[in-house]
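See below for the structure under consideration.
Order of appearance sets the numbers: ligands from 1, and atoms from 1 within every ligand. Here the structure is a predicted model, which is why all the values come from computation and not from measurement. By convention here, the first residue in the shown sequence is residue 1.
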Amino acid sequence: MCGIVGAVAQSNVVPILLEGLRRLEYRGYDSAGLVVVHDGKLERIRSTGRVVELTGKSTNTQGLIGIAHTRWATHGIPSERNAHPHISKNQIAVVHNGIIENYEELRSLLAANGYEFTSDTDTEVIGHLIHSHYVQGKKLLEATQAALAELVGAYAIGVIAADDPDRLVCARRGSPLLLGVGDSGLFIASDVSALLPVTRQVVYLEEGDVVELGRSGYRIYDAAGKKVDRVVQTSELSNESVQLGEYRHYMQKEIHEQPQALANTLESVCNSQSLVPGIFGAEAAATFADIDSILILACGTSFHAGLVARFWLEEIAGVRCNVEVASEYRYRTSVPNPKSLVVVISQSGETADTQAALNHAKLLGHSHTLAICNVPESALVRLCKLRMLTRAGPEIGVASTKAFTTQLAALFLLTLVLAKQRGRLTEQQELQHLNELRHLPSATQMVLELEPQIAVLAEKFANKQHALFLGRGLHYPIALEGALKLKEISYIHAEAYPAGELKHGPLALVDQYMPVISVAPNDALLEKLKSNLQEVRARGGELYVFADANTHIREVDGVHIMQMPEHAGYLSPILHTIPLQLLAYYVALQKGTDVDKPRNLAKSVTVE
Ligand code: F6R
């Protein structure tokens, strides 16, 4: 979603802003822009193309203060007139990430007071509102604070004024924003990757914070307007981790990083001889002892991780588990159970629907909360009592890959810890699970070796319009995930079904033009699955089967087998995910789509 960068520095900020925007491209955007103060005037450049085009347009632009933005359209089509920054009366410039809910009402009021609107965005009201206070003699900070008090909704903003070239004001509520403290200046950004070339010293802003950045330092005010201190932290994000290196796309790089990402996520556990609740936080033992069920809330791929976890939690730990799409849960009337542990799963930790669902659960009286998340300082991590950080490293490709498999690893650990605490795990079983977890990174590496075969297989999909994914039990969510990956990056319509459901409807779709992709682990449901595959073959459907060793599914005409190296027991969903990620990737390459930035999608979905 929208990305923000801002700078007050001792030299021209334009290269810093452009490099920051380039590093935020992964969040997803459809237009970009920047504004600087130069000779007492606001100089703005906007483009509906990529950041590289904005760079081309900026060669003659310079200034010692500026703000920049990549926009992911919500209000108004992607166009230059809707691109940020928005300017009020040539005096105030603003960039914004989020949604202002009362913008129509404010727009009417401001229009009645003589403000002209040149875009369809909700953001433009922010600039005009700040201006309306600024012209009454308030300083930029006070004018911004007064304007924010009138806004309903979510925002991260950066604001500068033409006649105040030494001051940048920013604020956040509901959308991410952080401060960078460098030797050569002060900076703001939606995430730390944008600032790595200029600083690693960052301040993660709290909800409601408003900050004034000047040439001699910065001041932070909390939601109540009180001056506060916030800790300056050193980001451990490495510059290399956000570079493409030898790979063609971030998605390919991130698929290949999975062995290391899993090893990092499991590090503390695999180095020990037994499992302890402490890996989820100091209060975990007491909390886990007090719960009788689990409620998982998440969106998209993270929701699929929750669906896999439900099988583990109920079967291994004997804990009842519900999994809900966060955007639905937040609006439905549900029956709260204060004895339930609410688990939110999120790569970014900033997903607006997941945050809102968590807040909704808390309002209903749920106090036991756990975040499984890849971003340590994210909102969800801060909002939960317990946490387990997946250590996948930054995920830049819009399609989630390594975040998903590490979420599964974390959820498996949660299952084992709960099983142990409930007396459902013998010492021997615990050791066996730990050994299997230790083996997981190398097992993952072996599956990655299927890449050349999958690249060839993908050629068969290049002209397909539709695809059906099948799985059973623990692997049905993996079929869902495979279908999601394929549709989001190759734009092929894909659906997933539990294989037993075929004859209840989707079998009607099967003919020689419909590829049917099946996840076939060597588990208790294998024979049932084989019967389902026969149903497909009997209708002329072309089968692509990802089969474990010893499944005895034969490659015959119309049945293509991808042989998985081994059967990984309960951890099999993690391994079976990887060929489906690779398949989606290579089909997208065949189709020539924008793999890392698929159309209409954003990486962190920070608006509802
Ligand atoms: C799909 C994908 C999305 C995200 C979803 C939730 O590849 O990436 O479906 O999983 O938007 O995002 P997080 O996990 O950041 O809450």
Taking atom types as modelled and ignoring hydrogens, do the side chains of [X] and [Y] form a donor-acceptor contact shorter than 3.5 angstrom?
{"X": "Asn82", "Y": "Thr121", "result": "no"}
{"X": "Thr401", "Y": "Gln581", "result": "no"}
{"X": "His366", "Y": "Ser340", "result": "no"}

Going by the order shown, which atoms of ligand 1 are within less than 4.0 Å of some heavy atom of [X]?
{"X": "Lys485", "value": "1 (C), 7 (O)"}
{"X": "Ala399", "value": "7 (O)"}
{"X": "Thr351", "value": "12 (O), 13 (P), 15 (O), 16 (O)"}
{"X": "Glu488", "value": "1 (C), 7 (O)"}
{"X": "Ser346", "value": "13 (P), 14 (O), 15 (O), 16 (O)"}

Heavy-atom nearest neighbour of atom 2 (C) of ligand 1 within options Ile345, Val605, Thr301: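 Among Ile345, Val605, Thr301, the closest heavy atom to atom 2 (C) of ligand 1 belongs to Thr301.
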Min N/O separation Ser302 to ligand 1 under 3.5 Å: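 For ligand 1, there is an N or O atom that lies under 3.5 Å from one belonging to Ser302.
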Nitrogen or oxygen atoms of Thr354 and ligand 1 under 3.5 Å apart: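 By distance alone, the answer is no.
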Sub-4.0 Å heavy-atom contact, Glu350 with ligand 1: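 Flag not set, Glu350 not near ligand 1.
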Whether Val398 lies under 4.0 Å from ligand 1, heavy atom: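 So Val398 counts as touching ligand 1.
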Closest approach of any protein heavy atom to atom 15 (O) of ligand 1, naming residue and atom: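 It is Ser348 OG, 2.7 Å.
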Closest approach of any protein heavy atom to atom 6 (C) of ligand 1, naming residue and atom: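 Answer, as residue, atom name and distance: Cys299 O, 3.4 Å.
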Aromatic ring pairing His84/His69, orientation class (parallel under 30°, perpendicular over 60°, tilted between):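 If you compare the ring of His84 with that of His69, the planes turn out parallel.
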Ion pair Arg22/Glu19, N-O distance below 4.0 Å: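 A salt bridge links Arg22 with Glu19.
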Ion pair check, Arg310 and Glu314, cut-off under 4.0 Å: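 Not counted as a salt bridge, because no side-chain N and carboxylate O are separated by less than 4.0 Å.
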Set of residues satisfying side-chain hydrogen bond (donor to acceptor under 3.5 Å, both in side chains) with respect to Glu207, sequence neighbours excluded: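 Partners of Glu207 by the side-chain hydrogen bond (donor to acceptor under 3.5 Å, both in side chains) criterion, ordered by chain and then number, come out as Arg172.
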Check: His576 ring centre within less than 6.0 Å of Phe546 ring centre: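 No, the ring of His576 stays outside the 6.0 Å limit from the ring of Phe546, centre to centre.
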